[in-house]
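Reading through the structure tokens given below for one structure.
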2 protein chains.
Amino acid sequence: MTAAHVHHPDLTRNQSLVYDVLNGSDAPLSAYSILDALRGEGFRAPLQVYRALEKLRAYGLVHRLESLNAFVACSHPDCAGHETAGFAICEKCGKVSEFAEERIAAPIRDWAKAEGFVLAGSTIELRGLCRDCREG
Amino acid sequence: MTAAHVHHPDLTRNQSLVYDVLNGSDAPLSAYSILDALRGEGFRAPLQVYRALEKLRAYGLVHRLESLNAFVACSHPDCAGHETAGFAICEKCGKVSEFAEERIAAPIRDWAKAEGFVLAGSTIELRGLCRDCREG
DNA sequence: ATTCGTTATGTTATGTCATAACACATCCCG
DNA sequence: CGGGATGTGTTATGACATAACATAACGAAT
Ligand SMILES: [Zn+2]
Ligand SMILES: [Zn+2]
Ligand SMILES: [Zn+2]
Ligand SMILES: [Zn+2]
């Protein structure tokens with residue numbers, strides 16, 4: 001566990017197990033990968049994972065990557081706040097960088113406002129090569 | 001068919017059928033919905049739809065909405081060009097507005113450049129209420 | 001016109017991701 | 001104690017996507 005989210009509303013055993021698996025991975029994981037990682041802890045069925053993920057996402061501890069059907073632990077201290085986080089996904093090594101740039105979020109909010117679109121949430125995912133993989 | 005994509009590399013029969021279904025819909029459609037819509041034309045299996053969709057996406061005629069697992073016809077004349085299109089999805093009526101705002105795309109490219117991230121593609125999807133549904 | 005590579009198609013089976021429905025347990029508060 | 005809210009376990013099912021193989025259509029080169 002990194003230092004990012006040490007403090008938090010008490011997690012249940014299942015939620016904590018799922019979070020730790022995600023946080024210990026350096027790439028996004030599918031729900032079924034998490035399930036397999038936790039069979040030794042007694043997990044048997046997908047719902048045990050999905051229900052934990054649902055809560056962890058509500059707490060802002062975990063994000064879903066829509067373009068991968070996979071999940072990552074949040075890398076920011078308080079992500080429930082910044083609702084317009086984005087993700088840069090390396091197609092070679094699988095690593096994901098989460099960013100929360102006001103320079104990117106603001107024009108999106110502006111566009112929505114001008115269109116009369118009531119913004120409830122956003123998915124911003126970039127695909128490409130991270131710096132390490134570009135140079136390698 | 002709108003006037004948007006009248007000119008184009010010849011589509012095969014399957015590609016043309018799939019495109020017409022998407023273009024005639026005012027909301028995104030799943031691959032299996034398209035399949036059902038085309039059973040009368042002889043479609044029997046998901047791959048017939050997925051293969052057509054793959055080509056249509058390569059031509060820039062169709063986009064995939066990752067957050068919905070669904071597909072829409074492009075609403076721009078030449079979408080193979082602008083690689084950073086975004087979509088505003090109304091959670092009430094299902095309508096999707098495609099936008100290609102330089103104000104939004106530019107800061108994303110700038111961020112990638114500064115990070116050393118080689119941008120290959122992007123997913124930008126907004127959820128919320130469209131103007132009509134907000135007022136209703 | 002025949003050959004041959006490329007692209008499209010048809011079909012079956014399988015893989016991957018996600019949720020419905022029901023039962024039982026636990027916790028917290030009044 | 002009672003009773004609602006939340007968490008859990010389990011089985012079954014639904015929704016989305018692709019692997020693998022066979023056949024057909026097309027187009028350019030000989
Ligand atoms: Zn975050
Ligand atoms: Zn990389
Ligand atoms: Zn487009
Ligand atoms: Zn609407």
Side-chain angles (χ1 to χ4, degrees), chain A residues 8-22 25 27-59 61-72 87 89 91 94 96 121 123 125 127, chain B residues 8-22 25 27-72 89 91 94 96 121 123 125 127:
Chain A
H8 209 268
D10 292 336
L11 299 182
T12 67
R13 170 179 158 83
N14 283 7
Q15 289 160 14
S16 182
L17 286 167
V18 168
Y19 179 73
D20 288 350
V21 168
L22 275 179
S25 169
L29 295 176
S30 75
Y32 279 73
S33 299
I34 297 169
L35 173 58
D36 288 339
L38 290 175
R39 292 204 187 271
E41 301 289 343
F43 275 48
R44 310 278 307 271
L47 264 192
Q48 295 175 278
V49 176
Y50 281 110
R51 290 201 275 225
L53 286 171
E54 191 176 8
K55 285 296 182 186
L56 292 167
R57 291 176 68 193
Y59 296 153
L61 291 173
V62 161
H63 299 291
R64 173 180 168 79
L65 296 177
E66 301 288 351
S67 62
L68 298 180
N69 292 337
F71 302 85
V72 286
F87 304 87
I89 304 165
E91 291 180 302
V96 172
T123 297
E125 299 175 16
R127 290 175 298 291
Chain B
H8 210 268
D10 291 337
L11 299 182
T12 66
R13 170 178 157 84
N14 283 5
Q15 289 160 13
S16 181
L17 286 167
V18 168
Y19 180 74
D20 288 349
V21 168
L22 275 179
S25 170
L29 295 176
S30 74
Y32 278 73
S33 298
I34 297 168
L35 172 59
D36 287 338
L38 291 175
R39 292 204 186 271
E41 300 290 345
F43 275 46
R44 311 276 307 270
L47 264 192
Q48 296 176 278
V49 175
Y50 281 110
R51 290 201 274 227
L53 286 171
E54 192 176 6
K55 285 296 181 186
L56 291 168
R57 290 176 67 193
Y59 297 153
L61 291 174
V62 161
H63 299 291
R64 171 179 169 79
L65 297 176
E66 302 287 353
S67 63
L68 298 180
N69 293 336
F71 302 84
V72 286
I89 305 165
E91 291 180 300
V96 172
T123 297
E125 298 176 15
R127 290 175 297 291

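The analysis underlying the following values was restricted to heavy atoms, covering all of them including side chains, and did not include hydrogens, waters or symmetry mates. Computed from a predicted model, the values in this text were never measured in an experiment.
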### Query
Can you check the B/R13 CZ to C/dT9 P distance for me, whole Å?
10 Å

## Note on the structure
Sorted by chain and residue number, the salt bridge (charged side-chain N to carboxylate O under 4.0 Å, His left out) partners of A/R57 (sequence neighbours excluded) come out as none

### Interatomic distance where CG belongs to A/N14 and C1' belongs to C/dA25 [whole Å]
13 Å

### Atom pair CG (A/L56) and CZ (A/R64), whose distance is rounded to the nearest 0.5 Å
14.5 Å

## Note on the structure
What residues 44-56 of chain A contributes to the DNA chain D interface at heavy-atom separation below 4.0 Å is A/R44, A/A45, A/L47, A/Q48, A/R51, A/K55

### Summary
Per side-chain contact (heavy atoms from CB on, under 4.5 Å), B/V21 is matched among B/D36, B/V49, B/L35, B/L38 by B/L38

### Message
With a strict under 4.0 Å distance from non-hydrogen atoms of chain A, what nucleotide opens and what nucleotide closes the contacted stretch of DNA chain D, reading 5' to 3'?
### Response
D/dG7 to D/dT11

### Task
Specify the separation, in whole Å, of atom CG of A/L68 and atom P of C/dA18.
11 Å

### Query
Do the charged groups of B/R127 and B/E125 touch, with an N to O distance under 4.0 Å?
no

### Heavy-atom closest contact (B/S30 atom, B/A70 atom, distance)
N-CB, 4.1 Å

### Task
Return the 5'-most residue of the pair A/A31, B/Q15 with respect to DNA chain C, ranking by each residue's nearest nucleotide.
B/Q15

### Query
What distance do B/Y59 atom OH and B/Q15 atom CD have between them, rounded to the nearest 0.5 Å?
5.0 Å

### Message
Any heavy-atom pair between the side chains of A/F43 and A/L17 that's under 4.5 Å?
### Response
yes

### Message
Quick one, B/I34 and B/L53 - any side-chain contact, counting heavy atoms below 4.5 Å?
### Response
yes

### Message
Whether B/T12 contacts C/dA8 is assessed here as follows: a side-chain N or O lying under 4.0 Å from the phosphate OP1 or OP2. Is that the case?
### Response
no

### Query
Within a strict 4.5 Å, meaning less than it, do heavy atoms of the B/V18 and B/F71 side chains meet?
no

### Message
Distance check needed: C/dT9 C1' versus B/L38 CG, whole Å only.
### Response
15 Å

### Message
Distance check needed: C/dC17 P versus A/L35 CG, whole Å only.
### Response
11 Å

### Task
For B/F43 and for A/N69, find the nucleotide of DNA chain C with the closest heavy atom, then tell me which residue's nucleotide is more 5'.
B/F43

